[in-house]
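Given the structure is predicted, the values throughout are model-derived calculations rather than measurements.
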Amino acid sequence: MIGERESEKELADRIQREYDIAVRHEENEGRLVFSVQEDGQLSALKLMPRAAAMRRNPQTVSAGRPPCMADIERVETKLLAFATPITHCREAAMRKLISGALAYQNQARVPLCLIDSLQEGLCESLPGAELMRQLGFQYIYDRPSYALNTETISVEMLERAAGGETVSLDIPDTTLQVAAGEDLLSLAHFVNARLCRQYGFFMIRSASYYEGVQKRLLGAGGNLFQIMEHGIRRGYFACAGTAADSIREAVFDPAFDRECYILTEKGNTPAVMARIVNLPEMLRYVTGNGRITIAVRLKDPAVAGNDGLFIWYIDEKGSRMERVEAPDGAMEKEPSMRPEVTTTIGEFTAFIFEYMKLKQSAKFDSIYLAGPVSVNDIY
């Protein structure tokens, strides 16, 4: 542990020197704060650790059973949060901070960095999202919109449950109640078990995770609510308030009729942006149906190790890329040096998580990717 902390400090010191920014640890939550002061204006961002799940591929369809938590690997990712709102920060300062944060993660062998679009200035229509694209980020997840099915759960019922009452619904042996402190560990197990069946990538839940979520929701007038049938949890949803449209997440048993309680409204919103930071680490989670070889030209404006012409080798155990050193003009003159696909690191990230296609071909269809993705706005 001491050696690990010394390595982290050495890395932080190196990033400070190379990028002329300040880097400090916030020990209580394991966060890193990157900051720079230019012309009297202080700009800062935070890099927060997140534990994610990546499903082992190929998927377990051939095993004759649904996927379970034994089929996933724990992956350490980072979440980029802007301590200074991006709309209040000079672009040059923001580029310097994000470049330093990406360099830190790359050297720490972090495979993936995420940004939540609820950060100010990262909505699809605002300049912040375009700046993130220029730095190699791309959307990988569209957030669904939920609403109470008020024919089953009225706002008045939700308010009663929020007040601590176990509310009987007009469905036999079915109740609505908030999650108590002693419920949070089993709630985390319940959600993880359902998410791993549907998604190749999601944030791992824990009791402490839900303690933090519940604290934030309570501050906004909401809570964590459970649907119980014969005393057994069949579903859960998180509300930022007690209005019908205040739902932030909903997870139910697949065989349970979620639409009876929670409606999914039309039109998903592009929500979470991400980018691969350390390419070799990320490619370990991508496998193929047999041996596949693809020539790829990647363009990465911030991480030099991800930029160039590569041969991508994929098999049942994983994948890796080898750089091809091509002399100037060689790709145009020599057909064997021409890439099968040319793409940005952001588009490649979106492809890895099944958010977009790079090319229509049987070869690309034979790759087992890391998606689909589930990421919400309450973590």
I'd like to know if [X] and [Y] make a salt bridge, using a cut-off of under 4.0 Å between side-chain N and carboxylate O.
X	Y	result
Glu76	Arg74	yes
Lys215	Glu211	no
Lys9	Asp13	yes
Lys363	Glu340	yes
Glu249	Arg205	yes
Arg320	Asp315	no

Hey, is the main chain of [Y] close enough, under 3.5 Å, to the side chain of [X] for a donor-acceptor pair?
X	Y	result
Arg55	Cys196	yes
Thr343	Leu298	no
Ser154	Thr150	no
Asn149	Glu259	yes
Arg160	Glu156	no
Asp300	Asp307	no
Ser99	Lys96	no
Ser361	Lys359	no
Asp71	Cys68	yes
Thr287	Gly318	no

> When you look at Tyr139 and Tyr355, which way does the ring pair (Phe, Tyr, Trp, His ring centres under 6.0 Å) test go after all the steps?
Replying inline: CA-CA 8 Å; Tyr139 285 104; Tyr355 191 83; 7.1 Å; no
Contact check, side chains of [X] and [Y], non-hydrogen atoms, under 4.5 Å:
X	Y	value
Phe364	Phe351	yes
Pro339	Phe310	no
Glu281	Leu112	no
Leu224	Tyr210	yes
Arg90	Asp39	yes
Asn278	Gln105	no
Leu158	Phe225	yes
Leu176	Ile153	yes

About how many Å separate [atom2] of [Y] and [atom1] of [X], when rounded to the nearest 0.5 Å?
X	Y	atom1	atom2	value
Thr344	Arg275	OG1	CZ	9.0 Å
Phe202	Met54	CZ	CE	11.0 Å
Leu279	Asn106	CG	CG	9.5 Å
Ile314	Ile367	CD1	CD1	3.5 Å
Leu47	His25	CG	NE2	10.0 Å
Arg50	Met48	CZ	CE	4.5 Å

Shared hydrophobic cluster for [X] and [Y] (ILVMFWY, side-chain gaps under 4.5 Å):
X	Y	answer
Tyr199	Tyr146	no
Leu184	Met69	yes
Val286	Val75	yes
Leu45	Val33	no
Tyr236	Leu169	no

Taking all heavy atoms of [X] and all of [Y], pick out the closest pair and write down the distance.
X	Y	result
Pro301	Gly136	CG-N, 4.1 Å
Leu114	Ala274	CD2-CB, 3.8 Å
Met157	Thr152	SD-O, 3.5 Å
Leu187	Ala179	CD2-CB, 4.4 Å
Leu97	Ile21	CD2-CG2, 4.1 Å
Gln198	Pro372	O-CG, 3.6 Å

>> Arg233 vs Ser186, test: side chain to side chain contact (heavy atoms under 4.5 Å, CB included). Steps then yes/no.
In response: CA-CA 9 Å; Arg233 183 186 297 108; Ser186 63; 3.0 Å; yes
Between the side chains of [X] and [Y], is a donor N or O closer than 3.5 angstrom to an acceptor N or O?
X	Y	value
Asn268	Asp142	no
Arg234	Gln226	no
Gln214	Asn223	yes
Trp312	Ser319	yes

> salt bridge (Lys or Arg N to Asp or Glu O under 4.0 Å) between Glu10 and Arg14: does it pass, once the steps are laid out?
Replying inline: CA-CA 6 Å; Glu10 289 176 1; Arg14 186 160 63 248; 5.5 Å; no
>> Atom NZ of residue position Lys299 - does it have more than 12 heavy atoms of other residues, nucleotides or ligands inside 6.0 Å?
In response: no
>> Around atom CG of Asp170, are there more than 12 heavy atoms from other residues, nucleotides or ligands closer than 6.0 Å?
In response: no
>> Before you tell me yes or no, could you show the steps for Arg95 and Leu131 under side chain to side chain contact (heavy atoms under 4.5 Å, CB included), namely the whole-Å CA-CA distance, both residues' side-chain angles and the distance that decides it to 0.1 Å?
In response: CA-CA 8 Å; Arg95 285 180 179 273; Leu131 174 59; 3.6 Å; yes
> Stepwise, does the ring pair (Phe, Tyr, Trp, His ring centres under 6.0 Å) test hold for Phe201 with Tyr141?
Replying inline: CA-CA 11 Å; Phe201 178 84; Tyr141 175 69; 9.9 Å; no
> Asn289 and Tyr368: side chain to side chain contact (heavy atoms under 4.5 Å, CB included), yes or no, with the steps?
Replying inline: CA-CA 7 Å; Asn289 182 15; Tyr368 292 107; 4.0 Å; yes
> Should the ring pair Phe256 and Tyr261 be called parallel, tilted or perpendicular, given that the plane angle runs from 0 to 90° and is split at 30 and 60?
Replying inline: parallel
